[in-house]
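To keep things clear, I will list the structure first and then write my remarks on it.
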Amino acid sequence: MMQNLLRTEEETMLADAARGFLDKAAPVSALRELRDTNQSYDRGLWKQMAEMGWTGVLVPEAQGGADMGHAAACVLAGELGKTLVASPFLSSAVIAATALRQVSDDRALRALAAIADGTATYALAIDESAKFNPASTAMTATKVGNGFRLDGKKTFVVDGGLADRLLVLARTGDDDALTLFDIPSDRAGISRTRQSMIDSRDAANVDFDAVKATGDDILGELDDAMSVLRPAIEAGQAALAAEMSGLATGAFGMTVGYLKERQQFGVPIGSFQALQHRAAHLWCEIEVTASAIANAGRMLDQDPDNATLAVSLAKARATSTAKLAVSEGVQMHGGIGMTDAFDIGFYMKRARVAAEWLGDYSYHAEQVARLRGF
Amino acid sequence: MQTDTHQPEQFRTELHDWLSDNCPQEMRDGGSGESAICWGGKRWEFTSQAQKTWLSRMAAKGLTTPTWPKAYGGAGLSRAQEKVFTVEMAAINARSPLQSFGIWMLGPALLKFGTEEQKQTYLPPITRGEVRWCQGYSEPGAGSDLASVQTRAEDMGDHYLINGQKIWTSYADQADWIFALVRTDREASKHTGISFILIDMASAGVTTRPIRLISGASVFCETFFDNVKVPKENVVGEVNKGWDIAKYLLTHEREMISGGAQGLTGGRALGAVLAESAGEGGLTDATLRAEAMACEVDALAVDLTLERYKDQAEAGRGVGDASAMLKYMGTELNKRRHELLMSVGGSDALEWDGDHGNLPADWLRTKANSIEGGTSEVMLSILSRRVLGLPG
Ligand SMILES: Cc1cc2nc3c(=O)[nH]c(=O)nc-3n(C[C@H](O)[C@H](O)[C@H](O)COP(=O)(O)OP(=O)(O)OC[C@H]3O[C@@H](n4cnc5c(N)ncnc54)[C@H](O)[C@@H]3O)c2cc1C
C-alpha cells in the first residue's frame, strides 16, 4: 500500500466535471421524481453518461471506452453517491465491464463496446439468500447434450429488473465448481419480478426454469467462475464503497448546513458543543474512509491480484461511515429529518441497501481479519 | 550511500545495503516501547554499546532526521525516499535510532520560524542526539486554555527575566533545554502577548519536581522559574507573536502522537498480537474477535489517512487543522487497541512487568494520548470551528 493516495489532476478534473453536471442533471430531487413516478432510473441520463464517457470508464479505447481505470471509476461513483444518482453504473460500467475485460474474446469485446456506448446494461445475478455468499451458490447449470440447463432462483439482483443482460453464477459441480454465464435477460425460462426496494432503485428476483445455455454463453472457463468474477466483484465493491463514501459526504453536507441554519434557544443549533463534537467526529470518520477508498482504487489499478484487503477495507469502512452519517444526519435534523418531504431519508435508505450489496460489514471485516492473519 | 539520487531503485538498494551493513544486530528487535527509546541528551546513558553505535552511524548520515535539510544535519530525503526509508527500516525490524521533542516539535518550528543562526545553533545537536529538549507549554491554570499562560518574561534591556511555573513538563528533569511559552505583554489580549522562548535548563533559578503517573512512572514534572535570566536572542520569531509558533508546533506534536499510536503493535496486525497474547488456541472469544476485527479495520484506514496527509504535505498542501483529526482518531484508536489487549490478556495482564511485558503500563500510558498535546474534546472543537465552520 505504498502508492500516492492523492487524486491525480485528471481525477480531480473528472470529479469537478461530474459534480457540475450532476448538480444540474441529477440532484436528489431527480431521485424523488423517479420514485414518485415509479421508475428506477432515467434512461436519458444514462445516455448522457455514455456520451461523457462514464459508461466506458473501464472499457478499452479500442472498444470506444475512456479506459481511465478503477480509481477514476471510484471518483465517478463517489460523485454519483453524493446526490444519490440512480443508474446501472456499478452493475454495467464497473462490474460487467471488469468481468468482460478478463475474457477479451470477440464476443466480450463487442459487449464492452455496447456498454461503452450505453446500448447494453447488465446486472449481476449472484445472491440466493439474504446475505452475500457466492461460495454457497445452489443454482445449477446441468450439462444437457452440448449445452446447459439453468435452474434456480436469484434474489437482490441489483439493476436486474431492467438490465438487457445478466451475469449469472451457477453451480456446475461440487465445491468450487461454479461457472459464470452471460445471457440475455429475455431468454425463455427467465422470469423477473421487480422488488420494491427501500432505496427506490431497480432490484429483482429472477427465476430460472430450464433456461437453455450454450458453451458460448460462458464467460471465462467452465467450473472457474472466480477468475473472471473475483476481479469484477472487487471492482464493484470498491466502487460501491466510493458511492457510499460520497453518500456520507452528501448527507454530512446537508447536516452541517442545517446546523448553521436552524435556530433554537435564539442561536444556531450548530453552536451547541454536543452537536459540534458529533459533527466533527463524523467528519473525521468520513476523512478516514476516503483514504481507504483512494487506496482501493489505486490497488485495483496497480496490483489487482492483491487488492482484496484494500477493497474489503474500503467496503467495511464505507459501510460503517455511511451508517453513522445517515443516523446522525436524521437525528440532527430533528422532526423534519423523519419526513418524506425532506431528502435525508433517501440517504438513509440507500445507505442500508448499499450496506448489504456485495457483502455487508461483517463479511468484509472478516476478510480483513483473514488477510491480516487472524 | 547517496541520499540525493533520483533513481528510486538505486536509492533503495544503496539504503538497504547500508542499513544491513550498519545496523547492529541488537538494534534489530523492533523494540518500540519506552525502554527501547533512545532519547539522547547530555545526561543520556546508553543502554548498550549497540544503541550508541547505531545513533552515531545514523546521525552521521543525517538519518535521525531523514527529511531535514542536510545543512542542519538531516538527510534531505524527499517524501518518496522517506517512504522507502520507513519500509527498509521496518524490513530489518530496526529500532528508531533517536526520538526526541527536538525532532518532533522544536525542529519543525525552528525550520519554519527560526533565524539562520538559530537553526545552525540548535538543529545539528538535535540530529546528533546531543541536546535533549522539553516542552514548557502547560501551566496549572493553562491547560486546554493554553493561551492563558501566566509565566512572565520581563524585558530587562539586555535579557529577559523569567518567573512562573509550568506543569506536566515531560522529562523536564532529564532535559537540557526547554522551549516555553511566556507572557511578554500583560496588557495585550490573551493571544497577542505571548512569546516563544528557548531556555537552558542549567540556568540559575530553574528547578523541577517529578510527578508520579498512574503507570507508576514519573515522566513529567512541575517546572519552576525563579528570576531566570535568558538572552534576548533566544526568542524565536517576533516578540509577542509566539502563539503562531506555538500552534504550528502543536500540529507537529499532534501528528507525532497520532503516528506514535500506530507503532505500538510494531506494524503487525492487531489480531496477530492479540492471538499471541491469548496464548494457545488463539483468539477464540467471539465478542473479542469481532471487536478486534473492527479495530483492525479502523487502524488500517487511519494508517492510510496518515499516509494520505503526508502525501498531501509533500505536494505542498499543508496538513494544517486536519492534524487535529489525525490526533483525535489515532489516539482514540490506540486506547481501543490497548483495552482489547488487556481484555485478551485477562488476569495474566494485570501484573506489573508480568509475562506480557509491561502491558499494564502501556495501557495506562495510552490514556494520556488523548489528553497530551490537546485533548480529544479540544481537537473536536478545533475541527468544528475551523474545518466545519460552525459558530462559536
Ligand atoms: C502524559 C502527559 C504528558 C504531557 N506532557 C506535556 C509537556 O511535555 N509539556 C506541556 O506543556 N504539557 C504537557 N502535558 C499537558 C497537556 O498538554 C494538558 O494536560 C492538556 O492540554 C489538557 O490540559 P489540562 O490537563 O489542564 O486539562 P483541562 O484543560 O483542565 O481539561 C479537563 C477536561 O475538560 C475538557 N475541556 C477543557 N476545555 C474544554 C472545552 N472548551 N470544551 C470541551 N471540553 C473541554 C478537556 O477535554 C478535559 O476532558 C502532558 C500531559 C500528559 C497527560
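All values reported here derive from a predicted model rather than from experimental measurement. In what follows, chains are A, B, ... by sequence order, proteins preceding strands, each numbered from 1.
Highest contact tally toward chain B, considering only A:H364, A:E285, A:R317, A:R278, is held by A:R317 [criterion: heavy-atom pairs under 4.5 Å]. The candidate from A:A369, A:S291, A:A314 with the greatest count of non-hydrogen atom pairs under 4.5 Å with chain B is A:S291. For the set B:V297, B:V387, B:L383, the entry with the most heavy-atom pairs within less than 4.5 Å of chain A is B:V297. By number of non-hydrogen pairs under 4.5 angstrom with chain A, the leading residue of B:R317, B:E332, B:Q312, B:R385 is B:Q312.
The part of B:A315 that comes within reach of chain A is its side chain, from C-beta onward, which places non-hydrogen atoms under 4.5 angstrom from that chain. Contact of B:M329 with chain A is made through the side chain alone, with heavy-atom distances under 4.5 Å. Looking at A:V288, both its backbone and its side chain come within 4.5 Å of chain B, counting heavy atoms on both sides. Looking at A:F272, there are no atoms closer than 4.5 Å to chain B (heavy atoms on both sides), in backbone or side chain.
Nearest approach of B:G389 to A:K260, heavy atoms of both residues: O-CE, 3.3 Å. Across every non-hydrogen atom of A:A292 and B:A301, the tightest pair is CB-CB, 4.4 Å. A pairwise comparison of heavy atoms in B:L380 and A:H281 identifies CD2-N, 3.7 Å as the closest pair. Closest non-hydrogen pair, B:T305 versus A:E287, comes out as OG1-O, 4.2 Å. Smallest separation of non-hydrogen atoms from B:G392 and A:Q276: O-NE2, 4.5 Å. The shortest heavy-atom contact between A:C284 and B:Y328 is SG-CD2, 3.7 Å.
Taken to the nearest 0.5 Å, the NE2 atom of A:H277 stands 10.0 Å off from the CE atom of B:M379. Here CG of A:L6 is found 11.0 Å from CD of B:E307. Values are rounded to the nearest 0.5 Å. How far CG of A:L275 is from CG of B:L388: 12.0 Å, rounded to the nearest 0.5 Å. Taking CG of A:N4 as the start and NZ of B:K83 as the end, the distance is 5.5 Å to the nearest 0.5 Å.
Panel note: side chain B:D311, backbone A:L5; a donor-acceptor pair is recorded below 3.5 Å.
Counting heavy atoms from C-beta on, the side chains of B:E377 and A:Q273 never come closer than 4.5 Å. Side-chain contact check for A:N295 versus B:L300: every heavy-atom pair is 4.5 Å or farther apart. B:L304 places a side-chain heavy atom less than 4.5 Å from the side chain of A:L313.
Residue-environment remark: NZ (A:K323) stays at or below the threshold of 12 foreign heavy atoms within 6.0 Å. The number of heavy-atom neighbours closer than 6.0 Å to CD of A:E10, taken from other residues, nucleotides and ligands shown, is 12 or below. Other residues, nucleotides and ligands contribute only 12 or fewer heavy atoms inside 6.0 Å of the NE2 atom of B:H16.
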